[in-house]
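Presented below is the structure to which this report refers.
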Protein chains: 2
Amino acid sequence: MPNTVSQKTIGRLSLYRRLLQALANKGVKYIYSHQIAVIASATAAQVRRDWMAIGYSGSPTKGYEVAELIDAIGKFLDSPKEQKVALVGIGNLGRAILIFFAGRRPKLNIVAAFDNDPYKVNRVIHGCKCYHIDQLKTVSDETGIDVGIVAVPASEAQKAAEKMVAAGIKGILNFAPTPLRVGNNVYVEDIDMTMSLEKVAFFARQGNFERNFTSGEYE
Amino acid sequence: MPNTVSQKTIGRLSLYRRLLQALANKGVKYIYSHQIAVIASATAAQVRRDWMAIGYSGSPTKGYEVAELIDAIGKFLDSPKEQKVALVGIGNLGRAILIFFAGRRPKLNIVAAFDNDPYKVNRVIHGCKCYHIDQLKTVSDETGIDVGIVAVPASEAQKAAEKMVAAGIKGILNFAPTPLRVGNNVYVEDIDMTMSLEKVAFFARQGNFERNFTSGEYE
DNA sequence: TATCAATTGTGAACTATATAACAGTGTGAT
DNA sequence: ATCACACTGTTATATAGTTCACAATTGATA
Ligand SMILES: NC(=O)c1ccc[n+]([C@@H]2O[C@H](COP(=O)([O-])OP(=O)(O)OC[C@H]3O[C@@H](n4cnc5c(N)ncnc54)[C@H](O)[C@@H]3O)[C@@H](O)[C@H]2O)c1
Ligand SMILES: NC(=O)c1ccc[n+]([C@@H]2O[C@H](COP(=O)([O-])OP(=O)(O)OC[C@H]3O[C@@H](n4cnc5c(N)ncnc54)[C@H](O)[C@@H]3O)[C@@H](O)[C@H]2O)c1
């Protein structure tokens, strides 16, 4: 088993980094686990454990050195070389995503978009060249894409995923409200907004305590 | 503790219902736990447990009656009265969401949108009236909104959330890449796309086994 | 009517994840 | 220099979530 670090921890590391970056920009040099815990809605113990997982240590008196920590998370999370992403489906959501991710992470970029609509193919949308979906494998082979985003209608999602797998893509972020069936050497993460909204609606009705709690923080 | 049913189960129930509805539309009358498990990327035991949680029983020989089950999930998940949703932030993502959710669930509708951009306020976008953010409480009081969607820039998200809470909203779906600090009588679900994409990118690089596995299915 | 095969419902076992507890550590105050 | 303090790193414990495994059930078959 190559990754001894849990999926949840990976997710939180990504979040910590973002929060730490914001702090660094404000000139913060050191931070304690309980401080970041408040910001990240976690507990101090959780934070320390997560950072232990990537082998980063702080000082009992100063806390953690923000810039170093950001770096350590980067070393752990990011690919050494640039990692390239393909977006499939340039509809309403696809376009929003394209704009949003443009230039956001230096090591992780949407380098090509794919659709089957002839009005979209061969145009450049927000700085990203749009190809026909059938060119996915060709473009991918040329540029070395290994992450894909599925933003096509649910009925097309499985097909799109299969084309991605055929093109050698190893990780898929799926927005279509349909579970994708792919070999288990491909990692799939679903963002199912309908499900999330129904969940929120449900818990909005319950009195709802626990979860996400503001944390008494004793340690 | 009012909800003895876990958050994870609530999420899966929403998914099952959607999948079951698709089956029902194709004329399927009965289904076994292991069949839906394959479709939902779960295990048969998981499915049975989830349905046990809402008190729905199947027959050992016929399986579960699809239409009845859909109904049972609806009784459990949905509000008896219509539940109203406010969308705050009508940017690229907000508009996509507005179009997407329009008329999707009969009992759960985005009834009003809010922004602070004068070019958007007082227009009707995709059938949804757009108000100024300062009218949130007024409109909410009039129409009885209890769910909110945050789709404003990260820097504005906390403010928007506080206005929602002040307006009596009890559940928030947050797209801004920032944890929201609200009282713990308000349920918050975050959809953090940056985090999700970084997670996918990370696991795309690992050999990645386990999770989401196609399941030998013995039982 | 008795047998059979497949599936359900569910306690028990297991796995994953989070929290608590505390010994060890570096710094500032005395 | 020694102490007290507020923290870290980490082990131990608790909780949450999943899967296993099997008795109970039911309809179909002979
Ligand atoms: N818009 C949202 O806010 C939202 C919310 C939740 C889920 N989703 C899901 O995200 C997906 C995209 O949503 P959207 O609103 O952007 O839809 P959309 O209809 O606006 O866009 C879909 C795009 O996919 C393209 N497409 C269709 N079939 C294709 C194929 N076989 N190969 C390549 N491209 C193809 C279409 O040409 C179109 O450009 C859908 O599955 C939807 O359910 C969207
Ligand atoms: N677009 C995406 O695909 C995407 C992906 C991930 C996360 N997000 C997040 O979702 C949010 C919205 O993204 P977007 O791309 O739609 O941004 P956007 O800039 O296109 O839209 C933001 C909207 O919010 C409005 N707004 C700003 N301040 C406001 C305030 N105080 N009150 C009310 N309205 C206000 C703006 O007028 C604008 O209409 C952001 O937090 C972004 O980080 C977006």
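Lettering of chains follows the sequences in order, A, B, ..., and the numbering in each one begins at 1.
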Do we see a donor-acceptor contact under 3.5 Å between the side chains of A:Arg205 and B:Gln83?
yes
Rounded to whole Å, the OH-C1' distance (A:Tyr32 to D:dA6) equals 7 Å
A:Thr9 or A:Thr61: which one's nearest nucleotide on DNA chain C is closer to the 5' end?
A:Thr9
Between C1' on C:dT8 and CD on B:Gln35, what's the gap in Å once rounded to a whole number?
14 Å
Report yes if some heavy atom in the side chain of B:Phe76 is under 4.5 Å from a heavy atom in the side chain of B:Ile10; otherwise report no.
yes
For the side chain of B:Lys8, starting at C-beta, report the closest nucleotide among C:dT27, D:dT18, C:dA18.
D:dT18
When rounded to whole Å, the NZ to P distance for the pair A:Lys62 and D:dT8 reads 14 Å
Phosphate OP1/OP2 of D:dA6: any A:Tyr30 side-chain N/O under 4.0 Å
no
Given atom CD of A:Gln7 and atom P of C:dT17, what is their separation to the nearest angstrom?
7 Å
Kindly compute the distance separating OG (B:Ser57) from OH (B:Tyr64), expressed to the nearest 0.5 Å.
7.5 Å
Looking only at the side chains, is there a donor atom on one of B:Tyr187 and B:Gln7 sitting less than 3.5 Å from an acceptor on the other?
yes
Please state how far atom CG in B:Asp50 lies from atom C1' in C:dT8, giving the value in whole angstrom units.
15 Å
Any donor-acceptor N or O pair under 3.5 Å, side chains A:Asn174, A:Glu189
no
For A:His34 and D:dA6, what is the distance between atoms NE2 and C1' respectively, to the nearest whole Å?
9 Å
Closest of D:dT11, D:dC7, C:dT8 to the A:Pro60 side chain is D:dC7
Which is true for B:Ser57 with a 4.0 Å heavy-atom rule: it touches a base, it touches only sugar-phosphate, or it touches nothing?
sugar-phosphate
Taking only the side-chain nitrogens and oxygens of A:Gln46, find out if one of them lies under 4.0 Å from OP1 or OP2 of C:dT17.
no
Given atom CD1 of B:Ile31 and atom P of C:dA6, what is their separation to the nearest angstrom?
18 Å
Contact class for B:Ser59 (heavy atom, under 4.0 Å): base, sugar-phosphate, or nothing?
sugar-phosphate
Using the side-chain heavy atoms of B:Arg12, tell me which of these nucleotides is nearest: D:dT18, C:dT19, C:dT27.
D:dT18
Check if the side chain of A:Arg49 and the base of C:dT19 share a donor-acceptor pair of N or O atoms closer than 3.5 Å.
yes
At under 4.0 Å, does any side-chain N or O of A:Ser33 touch on OP1 or OP2 of D:dT8?
yes
Side-chain N or O of A:Thr43 versus OP1/OP2 of C:dA18: is the shortest distance under 4.0 Å?
no
Residues A:Thr194 and B:Arg18: side-chain donor-acceptor under 3.5 angstrom:
no
Presence of A:Arg48 side-chain N/O under 4.0 Å of D:dT8 phosphate oxygens OP1/OP2
yes
A:Met52 side-chain proximity, nearest of D:dG27, C:dT8, D:dG9
D:dG9
Measuring from the side chain of B:Ala45 (C-beta onward, heavy atoms only), which nucleotide among D:dT11, D:dT19, D:dT8 has the closest atom?
D:dT19
To the nearest Å, how far apart are A:Ile36 CD1 and D:dC7 P?
15 Å
